[in-house]
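Chain naming here is simple, since letters A, B, ... match the order of the sequence lines and numbering starts at 1 in each.
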Amino acid sequence: MSWGFLCDLLSGVNKYSTGVGRIWVAIVFMFRLLVYVAAAENIWKYEHDEFECNIKQPGCENVCFDYFFPVSHIRLWALQLIMVSSPSLLVVFHVAYRQNREKHHNQKLYRNPGEIDGGLLCTYLISLILKTGFEIVFLVLFYKLYNGFKIPHLLKCDIRPCPNTVDCYISKPTEKMIFLYFLVATSCLCIILNLSELSYLICKYSQKCYLNRYMKKQQ
Amino acid sequence: MDWGALRDYLGGVNKHSTSVGKVWLTVLFIFRIMILVVAAEKVWGDEQKDFVCNTLQPGCRNVCYDHFFPISHIRLWALQLIFVSTPALLVAMHVAYRRQEKNQQFGNGEKIDIEELEDEKVHIRGPLWWTYTSSIFFRLIFEAVFMYVFYYMYDGYQMPRLLKCNAWPCPNVVDCFVSRPTEKTTFTIFMLAVSGICMMLNLAELCYLVIKICMKEPRKTT
């Protein structure tokens, strides 16, 4: 079980997405998943071992690391990727439900089970809202947990058993900050894409509705 | 999910590339991605652990390492490969869009063989020519930008053996020693050379496409 599972899930969703949705999938693959696996994971690999405090008191380093990094950036990043990709499952399930229904009744109930209309449109819109919501929640979480998106070189720690205020040094703070900014930029880009797709779908189907009503009135 | 997924994506693009494009893809996979994964990652694997400074002051090593290597070579290469591969996705998306349009034509009752549709090589002309040419142009820009970033960040392409550091909390100017500098310099120059080859291939492909379209235009007018 690894990121390949998420890959397969997103490839499955690709078939039922709009053009903007496909761009979103490509961005999540290339600029988020691949960057995470190929580059970011290794930066945070030895973060605890390389976290160094200017003290010989046993336990002080552990306690300070735990205080400053309740949840590591890289784990939050992984959680964000999983949560942001999951709402797409709703669409896949709905299409599968439609296809099962057709099989069960042994007749064509829908023009195309994968076409975004009716109930599937609602599901798709809900999935877009959830994706955007999760992105924003995680960005706010990152911001609140780490006081912004900066990673300092030096942290001052005075938690027991550290005997006084001790200087602690994070490893590779600049590299971590660069990748953190990259994460924020791609998140924001994905939020913009989701919002555009949401507006596009709402406009398209409002127009359709309005035209249908107008045609009925004419008749 | 790893570089294999990228290979699957780009493998699809291979069918619709020119011959030079196919050579470029081969060079990218074998001489860049594979070398990165199989060799370069191991050379840089222990880079901070074996970065040794001539001081016992805690924190000095961390701070000096961060000062001299704001972003590691290996991460820069990974980003470069991702950015350079991305424009090819534009071509893949455009081809998929064209196929979808043809599928819809089939759906409207015109007789098009489905198997023919899937195996058909999409010719690079019309709007696809513009997409393809833009993708090559962006590839060139990304390659050049990353090569410049490397040069600017590391003052050239050579990895020094010894670095002098006096960032706080180091008590004075401290000698710091990089691990495996010669091996790292060798790989840096290798990756630089292959980047250069890829840039030349992209330029050649760009020229080929431009000449091809120019030669077609006079034939149309005569």
- Cys53(A) portion near chain B, given a 4.5 angstrom heavy-atom threshold: backbone
- Query: Side chain, backbone, both or neither: which part of Tyr36(A) has a heavy atom under 4.5 Å from chain B?
  - Reply: neither
- Tyr151(B) atom OH, over 12 foreign heavy atoms within 6.0 Å: no
- Is it possible for you to check whether Lys49(B) lies under 6.0 Å from the centre of the six-membered ring of Tyr46(A), through NZ or CZ, and within 45° of that ring's axis? yes
- Message: For Phe182(A) and Phe83(B), take the angle between the two ring planes, folded into 0 to 90°, and tell me which bin it lands in: parallel under 30, tilted 30 to 60, perpendicular over 60.
- Response: perpendicular
- Query: Donor-acceptor pair, Glu175(A) side chain versus Ser72(B) backbone, under 3.5 Å?
  - Reply: yes
- Query: What part of Asp167(A) lies closer than 4.5 angstrom to a heavy atom of chain B: side chain, backbone, both or neither?
  - Reply: side chain
- Could you give me the CA-CA distance, side-chain angles and deciding distance for Phe31(A) and Thr86(B), then say whether side chain to side chain contact (heavy atoms under 4.5 Å, CB included) is met? CA-CA 9 Å; Phe31(A) 292 109; Thr86(B) 307; 3.5 Å; yes
- Heavy-atom donor-acceptor pair, Asn54(A) side chain to Pro58(B) backbone, under 3.5 Å: no
- Go through the side-chain N and O atoms of Asp66(B) and Thr174(A) and say whether any donor and acceptor fall under 3.5 Å apart. yes
- Query: So what's closer than 4.5 Å to chain B heavy atoms on Ile43(A): side chain, backbone, both or neither?
  - Reply: both
- Note on the structure: Smallest heavy-atom separation, Glu41(B) atom then Ala38(A) atom, equals OE2-O, 4.0 Å
